[in-house]
2 protein chains.
Amino acid sequence: MEETAENIGADVRIMRAAVRLFARNGFQAVGIRELAKEAGLSSAALYHYMGTKNDLLFQIMMEALQAWYEVTLAACEAETGAPEKLCAFVRSHVISSGRFPLESVVIDTEIRSLKGDQRSNVVALRDQYEGLLDRIIQQGIEEGNFSTGDPKLVSLGLLEMCNGLSRWYRPEGRSTLEDIADGFADIALAAVNAKRDGVPLRLNSLKVKPASNINHQVSERASRVAFLAHTGKAEK
Amino acid sequence: MEETAENIGADVRIMRAAVRLFARNGFQAVGIRELAKEAGLSSAALYHYMGTKNDLLFQIMMEALQAWYEVTLAACEAETGAPEKLCAFVRSHVISSGRFPLESVVIDTEIRSLKGDQRSNVVALRDQYEGLLDRIIQQGIEEGNFSTGDPKLVSLGLLEMCNGLSRWYRPEGRSTLEDIADGFADIALAAVNAKRDGVPLRLNSLKVKPASNINHQVSERASRVAFLAHTGKAEK
DNA sequence: GTCTATATTTGGATAGAC
DNA sequence: GTCTATCCAAATATAGAC
């Protein structure tokens, strides 16, 4: 079944309603009836499309994380030098989070609502994502372009700086997402003391593909992957 | 009534149990019966000490925020130069968060569980706290020691970097809190391009009071303040 | 596929004895 | 101040008609 602007599948409507409500009020605070109303169905009809409420949360988090991982991995692999990769990572992460602010909030705050295998899967994917940054910093140190006393601490700090975007960014705010992404990339370069030939590196001295070119069509495919990872009847 | 190691008041036991459970499972996921059991009372007895469950959350957040604000304000005011103030702020914030990791998590994730005046009060106090950093960065720019294209963005980024501590820090981990505080202070100096007489500034070139000297006795008084701000019978 | 109706459990909060 | 017992609203999830 094809999706059009006028004809949105009930499964997609449910997902979008859930992300909206989970982000605003928190997973636990959202009732099945409230979710059904927001999606335009009865609470009973929900269960034709999803497993439990927890399954729905799991699905939302896996889809978003998988999409962001693919996008960011591609952005990093398009560069060769560690400083360029670092900028690509930060900018891709910021742009992804800013374009899907609701999913960002859910991922950032609701891991604790998952238990057992679902939780393990999400944590593993998140760690895989964060490992990208660790390796970039490591590469920069080995190449002699980065210097820092504690690489892991810098990695954690920069990641949380970027993740924090979901707590204050508003699309209608004073800065564009591209400017924010560039600003954070500059902070990242400063945090690792990025230099080349003894000269401190900043974003405007590098040639990096504009962050706005990031291709989010990948998320289409990622959705399927997440569906497959999802046990139960929600896949259909 | 005095507190001793053997004789802990029920009101304090409730507060501690609540912080523990709210941090681990989230405010909404914690039931009154579960809270009562953790505190060692019946669920009915809880209501002798507190108002609603939401009042308890409000009280927890106000007490912690008030204590941290007082501590960090004092640490900043003990310095005069912007670079020193910046380090003092970052270190005080990190140390405070790390010493009370459960309160940090609650403040970071449960503002959305508050409504109306309670929410406004917490947000106002948090903004007041964050305003400290804004003013330090502004001072550094005016003095010519900091340079950054977007001061507010740097402020937001650094704050979230520090706040993120509550999502990964474990007291038994590989780094001491003091080392983390120092590492983040160095990143902060780099993020604002701190220089004095044209020379880039780093933590070990400054004379700043050790973060470990931060006095947390202040939180005693802050508790009283928060109690006064709390409407209802929880004050006694 | 979608509904109404409901089974069942759990939630916050209170009554009233002691 | 603390308890047992309970009220009542809301939760998740399902049954079964259409």
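Model, not experiment: these values are computed from the prediction.
- Remark: Ala45(A) engages Leu41(A), Ser42(A) in a side-chain contact (heavy atoms from CB on, under 4.5 Å) (not counting sequence neighbours).
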Next item on the list: If a protein heavy atom is under 4.0 Å from the base, mark B; if only from the sugar-phosphate, S; if neither, -; do that for nucleotides 2-11 of chain C going 5' to 3'.
Entry: SBB------B

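- Listed by chain and residue number, Phe22(A), Leu35(A), Leu56(A), Ile60(A) satisfy the side-chain contact (heavy atoms from CB on, under 4.5 Å) test with Ala18(A) (two or more places apart in sequence, or in another chain).
- Here Tyr129(A) pairs with Phe89(A), His93(A) under the ring-ring contact (aromatic ring centres under 6.0 Å, His included) rule; sequence neighbours left out.
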Next item on the list: Go through the steps to decide whether Asp150(B) and Arg174(A) satisfy the test salt bridge (charged side-chain N to carboxylate O under 4.0 Å, His left out), and finish with yes or no.
Entry: CA-CA 11 Å; Asp150(B) 189 341; Arg174(A) 55 180 187 83; 3.3 Å; yes

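- Atom-to-atom, CG of Leu56(A) to P of dA13(D) comes out at 11 Å; the value is rounded to the nearest Å.
- Scored by the side-chain hydrogen bond (donor to acceptor under 3.5 Å, both in side chains) test, Ser97(B) finds no partners at all (sequence neighbours excluded).
- Between Tyr47(B) and dT14(C) there is no side-chain N or O to OP1 or OP2 distance below 4.0 Å.
- Counting to the nearest Å, the C1' atom of dG12(C) and the CZ atom of Phe22(B) are 12 Å from each other.
- For Arg170(B), the salt bridge (charged side-chain N to carboxylate O under 4.0 Å, His left out) test picks out no residue, with sequence neighbours left out.
- Taking five base pairs at each end of the helix from dG1(C)-dC18(D) to dC18(C)-dG1(D) and finding the rotation axis that steps the C1' atoms of four pairs onto the next four gives two axes whose angle is 0°, to the nearest 10°.
- Residues forming a side-chain hydrogen bond (donor to acceptor under 3.5 Å, both in side chains) with Gln138(A) (at least two apart in sequence, or on another chain): none.
- Lys37(A) is linked by a salt bridge (charged side-chain N to carboxylate O under 4.0 Å, His left out) to nothing, counting only residues two or more places apart in sequence or in another chain.
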